[in-house]
Amino acid sequence: SHAVGATAAGGVDALLQPTAIQVLDGAHGGQQQFAAELAYGVSAFADRFTLSPGVGLALSPDGAVYSLGWALAPYAQQAQAEPWEVALQGEREQRSATTSADHSLTLRFSLLF
């Protein structure tokens with residue numbers, strides 16, 4: 001994906017008043033970001049579950065974000081929704097070459113009903 005525009009500020013208020021996309025120009029303070037994610041689901045545990053490992057990369061003029069993760073869900077046919085999913089994602093965010101990197105580890109459980 002490729003994203004352009006100004007960053008929203010103000011928490012929940014920013015959701016109610018979206019910021020218009022600005023022209024990418026240094027004078028206007030616009031931001032530009034390139035993001036790519038690759039994931040693939042494979043059958044696991046005697047075809048009872050789907051395991052989806054994935055990698056991601058986001059590049060911007062300010063720095064880069066690298067991610068590595070996986071998700072586990074029960075095997076579902078095309079017409080059926082997956083009833084639950086467990087996902088684990090690690091992320092490394094580097095804002096500039098001179099600053100230290102921020103690391104995060106996220107565990108997510110979702111249940112559809």
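Taking a 6.0 Å sphere around CZ of Phe109, one finds it holds more than 12 heavy atoms contributed by other residues, nucleotides or ligands.
Residues Glu91 and Thr106 have side chains not in contact (no heavy-atom distance under 4.5 Å, counting atoms from C-beta outward).
Judged as a side chain to side chain donor-acceptor pair (under 3.5 Å), and not counting sequence neighbours, the contacts of Glu93 are Arg95. In this structure Ala64 satisfies the side chain to side chain contact (heavy atoms under 4.5 Å, CB included) test together with Leu59, Tyr66, sequence neighbours excluded. By the side chain to side chain contact (heavy atoms under 4.5 Å, CB included) test, Gln94 pairs with Arg92, Thr99, Ala101, sequence neighbours left out. The side chain to side chain contact (heavy atoms under 4.5 Å, CB included) check on Leu107 picks up Val86, Leu88, with sequence neighbours excluded.
Contact between Leu72 and Trp84 at its shortest, heavy atoms only, is O-CZ3, 3.6 Å. Nearest heavy atom pair, residue Trp70 against residue Leu51, reads CE3-CD1, 3.7 Å.
Applying the salt bridge (Lys or Arg N to Asp or Glu O under 4.0 Å) test to every pair with at least one member in residues 97-113, sequence neighbours left out, gives these pairs: Glu85-Arg108.
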Can I get a per-line list of side-chain donor-acceptor pairs under 3.5 Å for residues 41-49, giving both atom names and the distance, sequence neighbours left out?
from  : atom 1 : to    : atom 2 : distance (Å)
Ser43 : OG     : Asp47 : OD1    : 2.9

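The distance from atom OG of Ser60 to atom CZ of Phe34, rounded to the nearest 0.5 Å, is 12.5 Å.
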